[in-house]
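One structure below.
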Amino acid sequence: MFDSITAFIESTGYLGIALLMFIENIFPPIPSELIMPIAGFASSRGEMNLLLAILAGSLGSLAGTSLWYLAGRWLGAERLKRWARRYGRWMTVQPRDVDKACRWFNRHSGKAVFIGRLVPAVRTLISVPAGIASMSVGRFLLYSGLGTVVWTSFLAGVGYWLGDQYRLIGAWTNPVSNAVIVLLVGWYLYRVVTFRKHP
């Protein structure tokens with residue numbers, strides 16, 4: 001996969017970085033933990049400008065995650081509460097949980113989105129509750145953009161610094177991503193088993 005991504009970026013440049021980061025946020029077959037370090041490595045060899053690579057990756061990533069935000073806005077709290085009444089156990093939420101979650105998100109929305117964009121496996125998902133809670137577009141773009149730039153800058157910077165050893169980043173971040181996914185699945189299964197419907 002490394003060689004394929006490298007060849008694609010070499011042939012398409014900044015547009016390719018933006019496209020890969022966009023796709024990674026819609027359906028992540030290729031994690032950003034591979035894309036941006038490769039861009040950083042290419043920058044260290046003088047094949048592209050590091051700041052432009054970070055900008056391209058950030059714009060592509062922000063465009064991708066914004067679609068999930070719009071999906072959350074389309075879903076909305078009321079529709080989610082109707083689904084919760086019908087499929088509560090499998091969603092592991094009740095209508096009142098939706099209201100509580102929206103109130104919590106409205107209090108911590110900026111921090112939640114910013115921090116969420118820095119956590120592997122959560123980076124894309126955090127956009128959905130932002131949309132459901134009707135977080136303003138401006139605030140979403142601001143905090144999501146800040147988190148995205150920090151994340152892409154970190155990965156590209158490490159790839160630039162490590163040079164041809166950039167593959168080590170994947171060896172470090174992949175177990176972290178897998179651990180987060182396992183925890184999320186375990187938490188979901190626990191919620192399904194212990195779910196109690198309240199009147």
Side-chain angles (χ1 to χ4, degrees), residues 1-2 4-73 105 108-131 133 135-163 165-170 172-174 176-177 180-181:
M1 184 177 287
F2 273 102
S4 298
I5 298 172
T6 301
F8 184 77
I9 290 176
E10 286 176 351
S11 63
T12 57
Y14 303 111
L15 181 60
I17 294 172
L19 180 61
L20 287 173
M21 290 296 286
F22 174 80
I23 295 172
E24 183 261 342
N25 277 269
I26 301 299
F27 176 69
I30 306 171
S32 59
E33 292 89 338
L34 298 181
I35 302 166
M36 292 312 300
I38 291 172
F41 172 60
S43 300
S44 73
R45 298 174 60 182
E47 297 171 1
M48 57 178 53
N49 181 282
L50 180 62
L51 292 180
L52 291 179
I54 291 171
L55 179 61
S58 298
L59 289 175
S61 182
L62 188 59
T65 198
S66 294
L67 291 183
W68 286 111
Y69 166 81
L70 293 174
R73 288 292 291 256
F105 199 90
H108 306 284
S109 56
K111 290 182 290 186
V113 170
F114 174 77
I115 294 172
R117 291 295 289 161
L118 303 176
V119 180
V122 176
R123 296 181 60 251
T124 299
L125 297 178
I126 193 63
S127 304
V128 177
M135 183 180 188
S136 72
V137 174
R139 280 174 58 80
F140 170 77
L141 291 176
L142 172 64
Y143 288 102
S144 184
L146 288 173
T148 298
V149 169
V150 170
W151 181 246
T152 55
S153 297
F154 167 74
L155 291 176
V158 174
Y160 184 93
W161 177 66
L162 286 176
Q165 298 297 312
Y166 66 92
R167 296 168 188 261
L168 296 173
I169 301 171
W172 175 75
T173 55
N174 286 343
V176 174
S177 300
V180 172
I181 292 171

Approximate separation, where rounding is to 0.5 Å, of T12 OG1 and I17 CD1: 7.5 Å
Point-to-point distance, once rounded to the nearest 0.5 Å, from CD of E24 to CE of M36: 10.5 Å
M135 to R73 - nearest heavy-atom pair and separation: O-NH1, 3.2 Å
Closest contact, heavy atoms only, S153 versus I54: OG-CG2, 3.3 Å
4.5 Å side-chain heavy-atom contact, T148 and M21: no
Smallest separation among heavy atoms of A39 and I9, with atom names: N-CD1, 4.5 Å
Polar side-chain atom of S61 near backbone of G57 as donor-acceptor pair, under 3.5 Å: no
Minimum heavy-atom distance between S127 and W68, given as atom pair plus value: CB-CB, 3.9 Å
Side chain S144, main chain L141, donor-acceptor under 3.5 Å: no
V149 backbone acceptor or donor facing T152 side chain under 3.5 Å: yes
L55 backbone acceptor or donor facing S58 side chain under 3.5 Å: no
Close side-chain approach of V158 to P37, heavy-atom, < 4.5 Å: no
Pairwise side-chain contact, Y14 with N49, heavy-atom cut-off 4.5 Å (strictly under): yes
Any F8 side-chain heavy atom under 4.5 Å of L19 side chain: yes
pair L146-L142: side-chain heavy atoms closer than 4.5 Å: yes
T65 side chain near Y69 side chain, heavy-atom distance below 4.5 Å: no
Smallest separation among heavy atoms of A130 and F140, with atom names: CB-CD1, 3.9 Å
Shortest non-hydrogen contact from I26 toward G64: CD1-O, 3.4 Å
Main-chain N/O of R139 paired with S136 side-chain donor or acceptor, under 3.5 Å: yes
